Amino acid sequence: MPIRIVLTGSECTGKTTLADRLAQHYGSTTVPEFLRSYFEQKKGILSVDDVIPIAMGQLELETAAQERGDNPLICDTDIISSIVYAKHYFGACPDWLEEQFMRRTPSIYLLCDIDIQWQADGQRDMEHGRQYMQQLFADELKSRNLIVHTVSGSREHRFEFATNIINSAIKASVQQN
């Protein structure tokens, strides 16, 4: 079973940049954020009916990476994002998401902080609500008693911090086996 690393947090927190750099460093591939392509296909109009298809697409990307043998499995997001955003935008979370989450609990969450500049990209809509959304992510992770490390600072500091966490997890995994 691969070590699963999930980058999470509010929008525009450097998740994709860090995920791509980590994947390159570990000779892996990034499990991309499925929502990005789905959002474009739907021309930016999403409803509660899109929550499960988005989560399913994300899970399929994760499964494909795992089947390729990627280890560590570097995920640019995961089903927690679907849960947080479903609760925020639609006021509820489908039970199916909770069931899927229970089947795929990752090894480590890297909660990317909002201490980097927000940049518009056509999908992001929370420039002034980043702290609020970040707190929703932090609260969701805490309520589940997950292993969470907050990643902040410069890109280089984030990378070094994340690789230290991942290297420790790899070492512990090897010692257990």
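Scope of the values below: all heavy atoms of this structure, side chains included, with no hydrogens, waters or symmetry mates. Just so you know, these numbers come straight off a predicted model, no measurement behind them.
- In this structure, I79 and R104 have side chains that are not in contact, with every pair of non-hydrogen atoms separated by 4.5 Å or more.
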* Residues D76, T30; criterion side chain to side chain donor-acceptor pair (under 3.5 Å); working and verdict -> CA-CA 7 Å; D76 186 352; T30 303; over 6 Å; no
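- Put simply, CG on L97 and CE on M102 are 13.0 Å apart, with the number rounded to the nearest 0.5 Å.
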* Asked: Given the rule in the side chain to side chain contact (heavy atoms under 4.5 Å, CB included) test, do Y85 and L136 qualify, once you have shown the distances and angles that lead to the verdict?
  -> CA-CA 9 Å; Y85 286 121; L136 292 180; over 6 Å; no
* Under the side chain to side chain contact (heavy atoms under 4.5 Å, CB included) rule, what do I83 and E140 come out as? Steps first, then yes or no, please. => CA-CA 9 Å; I83 291 169; E140 190 69 37; 3.8 Å; yes
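- N167 places none of its side-chain heavy atoms less than 4.5 Å from the side chain of K171.
- Of the possible polar contacts, none joining the S28 side chain to the A23 backbone as a donor-acceptor pair under 3.5 Å is found.
- R158 places no side-chain N or O within donor-acceptor distance of the main-chain N or O of C112, the cut-off being under 3.5 Å.
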* Asked: Can you list the steps and then say if H149 with L111 is a side chain to side chain contact (heavy atoms under 4.5 Å, CB included)?
  -> CA-CA 6 Å; H149 302 275; L111 178 63; over 6 Å; no
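- Of the possible donor and acceptor atoms, none in the side chain of E60 sits under 3.5 Å from a partner among the backbone N and O of A55.
- I108 has its side chain out of reach of V6: every pair of non-hydrogen atoms, C-beta onward, lies at least 4.5 Å apart.
- Side-chain atoms of D70 and T29 include a donor-acceptor pair closer than 3.5 Å.
- Atom-to-atom distance recorded for R103:CZ and L59:CG is 9.5 Å, nearest 0.5 angstrom.
- To the nearest 0.5 Å, the span separating CD on Q58 from OG on S82 amounts to 7.0 Å.
- Looking at S168, its side chain does come within 3.5 Å of a backbone N or O of N164 through a donor-acceptor pair.
- Heavy-atom neighbours of E98 CD from other residues, nucleotides or ligands within 6.0 Å: above the threshold of 12.
- Considering every non-hydrogen atom in both L73 and A65, the closest pair reads CD1-CB, 3.3 Å.
- Taking 4.0 Å as the cut-off between side-chain N and carboxylate O, K42 and D50 count as a salt-bridged pair.
- Two rings, from Y132 and F137, have their centers 6.0 Å or more apart.
- Looking at S47, its side chain does come within 3.5 Å of a backbone N or O of D49 through a donor-acceptor pair.
- With a 4.5 Å cut-off on side-chain heavy atoms, I114 and Q131 count as touching.
- One N or O on the side chain of S37 and one on the backbone of F34 form a donor-acceptor pair closer than 3.5 Å.
- Contact of the T77 side chain with the T16 side chain is not registered, since no non-hydrogen atoms from C-beta on lie closer than 4.5 Å.
- Geometrically, R144 engages F101 in a cation-pi contact defined by less than 6.0 Å to the ring centre and at most 45° from the axis.
- Salt-bridge annotation for E11 and R130: absent, with no side-chain N of the basic residue lying under 4.0 Å from a carboxylate O of the acidic one.
- Between H157 and F161, the two ring planes are parallel [angle under 30°; tilted spans 30° to 60°].
- Counting heavy atoms from C-beta on, the side chains of Q66 and M1 come closer than 4.5 Å.
- A donor and an acceptor atom, one from each side chain of Y26 and N71, are nowhere located under 3.5 Å apart.
- Expressed to the nearest 0.5 Å, how far CG of L22 lies from CG of L7 amounts to 6.5 Å.
- Judged by distance alone, with hydrogens and angles left aside, the side-chain atoms of D115 form a donor-acceptor pair with the main-chain N or O of G153 at under 3.5 Å.
- Taking 4.0 Å as the cut-off between side-chain N and carboxylate O, K15 and E33 do not count as a salt-bridged pair.
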* Under the side chain to side chain contact (heavy atoms under 4.5 Å, CB included) criterion, do D113 and T13 qualify, and how do the steps go? -> CA-CA 6 Å; D113 204 352; T13 56; over 6 Å; no
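- In this structure, the side chain of S173 does not engage the main chain of A169 through any donor-acceptor pair within 3.5 Å.
- Taking both residues in full, the closest heavy atoms of A86 and C93 are given as CB-CA, 4.3 Å, listed atom of the first, atom of the second, then distance.
- Side-chain atoms of T8 and L141, non-hydrogen and from C-beta on, do get closer than 4.5 Å to each other.
- Contact check for I170 versus I3: side-chain heavy atoms found under the 4.5 Å cut-off.
- One N or O on the side chain of T163 and one on the backbone of F159 form a donor-acceptor pair closer than 3.5 Å.
- For the atom pair OG (S81) and CG (L35), the distance works out to 8.5 Å, reported to the nearest 0.5 Å.
- Using a 4.0 Å cut-off between a side-chain N of Lys or Arg and a carboxylate O of Asp or Glu, E156 and R21 qualify as a salt bridge.
- Of the inter-residue distances, the one linking L110 atom CG with I165 atom CD1 reads 7.0 Å to the nearest 0.5 angstrom.
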